[in-house]
S.K.: 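Quick one: this structure, given as structure tokens, is what I'll be asking you about.
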Amino acid sequence: MKTLTRVTLALAIGLSLASGAAAETWRMATKMPVDSPEGKVFQHFADLTEKYTGGALTIQVYPNEQLGKEDAVLEQLQAGIVQIYAEGFGYMKKWEPSLGWLSAPFVFDDYDHWRRFMQSDTVKGWFDEAREQAGVMPLGDPTAVLRGPYRVMVSNVPIKSAAGIEGLKLRMHENKVAIEAWDHLGAEVITLPWTEVYQGISKNIVQAVNSPVALVESMRFNEVAPYITRNDEYWQSVGFMVNEGAYEALGEEERAGLLKAYAEAGEYSRKLMFDTADESIARMEKAGATFTTMDTSPLVKKMQGFYEAKAKSGELPQAFLDAVEETRAKPE
């Protein structure tokens, strides 16, 4: 196991002293504020866990990165100082690089295709490898807690079809695959920090940005980019990454209660996320925004060649494309 930093060791000692000889309590680290949709899901999960385990297991949620940034929390998770980290599964690529491709754009035909892929033997194998390397594993169905709940393109010009992407000045974060993918789709990709997007669009430095629909209104993007187009760039879940040793140390009834709480939190998340998105879209439309849904099948088709080239060069695991094809719905 990786040697712990002094900061992590100090945190471990402090948390240990604070907990004393109290009943079993797990620490759950998150980035999100408590009043955000995801924050509400996490607290709901914690409340259900206490309920379904009869108080034998309680979960203390630490929001707003109180326990540190990603690297520090992953280290604590591996060491068992933190028992659950609720974030994107892509962070597990440090133990299994293939997991870094779970958010590849325009790979899947639809949500159900993505779910079948995430539950495939190939992806289970990648999670098993991460567990072998780090003692960290997913809790239950990896698609249960939806994030987003879907992605949109917010633009200052209407995007009526996939053809509208040609020549579009699109803001992108510093990510090689994302930049190359959107360049392949015909956009003029411009890297820009997230916090500079509003000003960038208002000055026409960029014309569009991709975002989870849940963040559009809070970032006020609709004020300068009133065209909101659902594009389902990729599907995401919030991974409940769990320390394997802590999970295995639970009694059978506590494990059952924990999994039941997780499953119900997943159901709650899907309703909450979509209800929140619908309410936000309604407010933005009332303020003058236009919301549409794009047919992304041409983008999925165009990206197939991109991913085949990545697999041929060794950048993308061939097993990834095999699993994508195997989980694709077959024509009747």
Side-chain angles (χ1 to χ4, degrees), residues 1-19 22 24-34 36 38-39 41-46 48-50 53 57-100 102-103 118 123-145 147 236-250 254-255 257-259 261-262 265-266 269:
M1 183 180 292
K2 183 178 176 181
T3 303
L4 299 180
T5 64
R6 290 182 180 179
V7 172
T8 300
L9 284 171
L11 179 60
I13 294 169
L15 290 172
S16 177
L17 290 172
S19 61
E24 181 73 11
T25 300
W26 278 15
R27 303 176 189 96
M28 180 176 182
T30 86
K31 293 182 178 181
M32 302 300 168
V34 292
S36 67
E38 287 186 15
V41 171
F42 302 150
Q43 188 57 54
H44 188 61
F45 165 70
L48 289 176
T49 297
E50 184 171 11
T53 63
L57 175 63
T58 58
I59 293 177
Q60 177 65 48
V61 180
Y62 292 85
N64 299 314
E65 296 187 321
Q66 289 179 7
L67 300 183
K69 301 291 185 181
E70 296 98 343
D71 287 345
V73 172
L74 289 171
E75 185 178 273
Q76 294 168 52
L77 181 66
Q78 187 175 357
I81 299 164
V82 165
Q83 287 75 32
I84 303 181
Y85 185 30
E87 248 309 317
F89 281 122
Y91 288 118
M92 293 179 72
K93 68 183 179 182
K94 69 177 294 182
W95 302 307
E96 172 44 66
S98 298
L99 292 170
L102 295 183
S103 296
M118 289 292 291
V123 176
K124 288 178 183 176
W126 294 340
F127 282 133
D128 286 344
E129 180 62 26
R131 177 165 52 181
E132 183 70 24
Q133 293 293 323
V136 174
M137 61 183 229
L139 179 66
D141 177 358
T143 69
V145 181
R147 167 165 276 177
Q236 277 184 299
S237 56
V238 181
F240 280 40
M241 295 170 273
V242 179
N243 178 277
E244 181 185 19
Y247 180 78
E248 294 296 337
L250 294 176
E254 284 73 33
R255 283 191 213 169
L258 180 70
L259 290 171
Y262 174 71
S269 79

S.K.: Quick one: are Tyr62 and Val82 in side-chain contact, heavy atoms under 4.5 Å?
M.R.: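 No; the side chains remain at least 4.5 Å from each other.
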
S.K.: Will you find, in the side chains of Glu96 and Ser98, an N or O donor that is under 3.5 Å from an N or O acceptor?
M.R.: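 Distance-only check passes for Glu96 and Ser98.
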
S.K.: Would you compute the distance between atom OG1 of Thr25 and atom CD of Glu50 and round it to the nearest 0.5 angstrom?
M.R.: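 The CD atom of Glu50 is 8.5 Å from OG1 of Thr25, to the nearest 0.5 Å.
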
S.K.: What's the separation between atom CG in Leu99 and atom CD in Glu129, rounded to the nearest 0.5 Å?
M.R.: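 Atom-to-atom, Leu99:CG and Glu129:CD are 9.5 Å apart.
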
S.K.: Given side chains that start at C-beta, do those of Leu74 and Trp95 come closer than 4.5 Å, heavy atoms only?
M.R.: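 Yes, side chains in contact.
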
S.K.: What distance separates Ile84 CD1 from Ile59 CD1, expressed to the nearest 0.5 Å?
M.R.: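 Here the rounded value is 4.0 Å.
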
S.K.: Nearest 0.5 angstrom please: Gln83 CD to Leu258 CG, how far?
M.R.: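 If we round to the nearest 0.5 Å, Gln83:CD and Leu258:CG are 11.0 Å apart.
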
S.K.: Let me confirm one number: the CE-CD distance from Met28 to Gln43, rounded to the nearest 0.5 Å.
M.R.: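 If we round to the nearest 0.5 Å, Met28:CE and Gln43:CD are 9.0 Å apart.
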
S.K.: Any donor and acceptor pair, going by atom type alone, linking the side chain of Gln76 with main-chain N or O of Ala72 inside 3.5 Å?
M.R.: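 Present.
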
S.K.: Taking atom CG of Asp128 and atom CE of Met137, what is their separation to the nearest 0.5 Å?
M.R.: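 Output value for this atom pair is 10.0 Å.
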
S.K.: Return the minimal non-hydrogen interatomic distance between Gln133 and Gln78, and the atom names on each side.
M.R.: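 So the two residues come closest at O-NE2, 4.2 Å.
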
S.K.: Side chains of Phe127 and Met92: closer than 4.5 Å at any heavy-atom pair?
M.R.: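 A side-chain contact under 4.5 Å exists here.
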
S.K.: Do you know the tightest heavy-atom contact between Val73 and Ala29?
M.R.: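 Shortest heavy-atom separation between Val73 and Ala29 comes out as CG1-CB, 3.7 Å.
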
S.K.: Keeping Tyr262 on the side-chain end and Asp141 on the backbone end, is there a donor-acceptor pair under 3.5 Å?
M.R.: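 Yes, the answer is positive, given that a donor and an acceptor are paired below the 3.5 Å cut-off.
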
S.K.: Please check: side-chain N/O of Thr30 versus main-chain N/O of Ala86, any donor-acceptor pairing under 3.5 Å?
M.R.: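 No: the side chain of Thr30 does not pair with the backbone of Ala86.
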
S.K.: Over all heavy atoms of both residues, which pair between Asn243 and Ala79 is shortest? Give the atoms and the distance, please.
M.R.: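 Taking Asn243 first and Ala79 second, the nearest heavy atoms are ND2-C, 4.2 Å.
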
S.K.: Take atom NZ of Lys93 as the centre, draw a 6.0 Å sphere, and report whether it contains more than 12 heavy atoms from other residues, nucleotides or ligands.
M.R.: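 No.
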
S.K.: Tell me the closest heavy-atom pair linking Pro142 and Ser237, and the distance in Å.
M.R.: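 That would be O-OG, 2.7 Å.
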
S.K.: Please find the pair of heavy atoms, one from Pro63 and one from Val34, that lie closest to each other, and give the distance.
M.R.: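 Looking at all heavy atoms of both residues, the closest pair is CG-CG1, 3.5 Å.
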
S.K.: Asn64 side chain to Gln66 main-chain N or O, any donor-acceptor pair under 3.5 Å?
M.R.: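 Side chain of Asn64 to backbone of Gln66: no pair is present.
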
S.K.: Report the C-alpha distance between Phe240 and Phe42 in whole Å, list the side-chain angles of each, state the deciding distance to 0.1 Å, and finish with yes or no for side chain to side chain contact (heavy atoms under 4.5 Å, CB included).
M.R.: CA-CA 10 Å; Phe240 280 40; Phe42 302 150; 3.8 Å; yes

S.K.: Please find the pair of heavy atoms, one from Met32 and one from Gly39, that lie closest to each other, and give the distance.
M.R.: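 Nearest heavy atoms, Met32 then Gly39: CB-N, 4.3 Å.
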
S.K.: Check whether Arg27 reaches the backbone of Gln60 with its side chain - one donor and one acceptor, N or O, closer than 3.5 Å.
M.R.: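 No, because the side chain of Arg27 does not come within donor-acceptor range (under 3.5 Å) of the backbone of Gln60.
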
S.K.: Under the side chain to side chain contact (heavy atoms under 4.5 Å, CB included) criterion, do Phe89 and Met241 qualify, and how do the steps go?
M.R.: CA-CA 8 Å; Phe89 281 122; Met241 295 170 273; 4.1 Å; yes

S.K.: Determine whether Lys69 and Lys31 make a side-chain contact, defined as any pair of heavy atoms from C-beta on separated by less than 4.5 Å.
M.R.: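 No - every pair of side-chain heavy atoms lies 4.5 Å or more apart.
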
S.K.: Evaluate side chain to side chain contact (heavy atoms under 4.5 Å, CB included) for Leu67 paired with Tyr85, printing each intermediate quantity in order.
M.R.: CA-CA 10 Å; Leu67 300 183; Tyr85 185 30; over 6 Å; no

S.K.: Evaluate Leu139 against Leu259 for side chain to side chain contact (heavy atoms under 4.5 Å, CB included), listing each step before the verdict.
M.R.: CA-CA 7 Å; Leu139 179 66; Leu259 290 171; 3.5 Å; yes

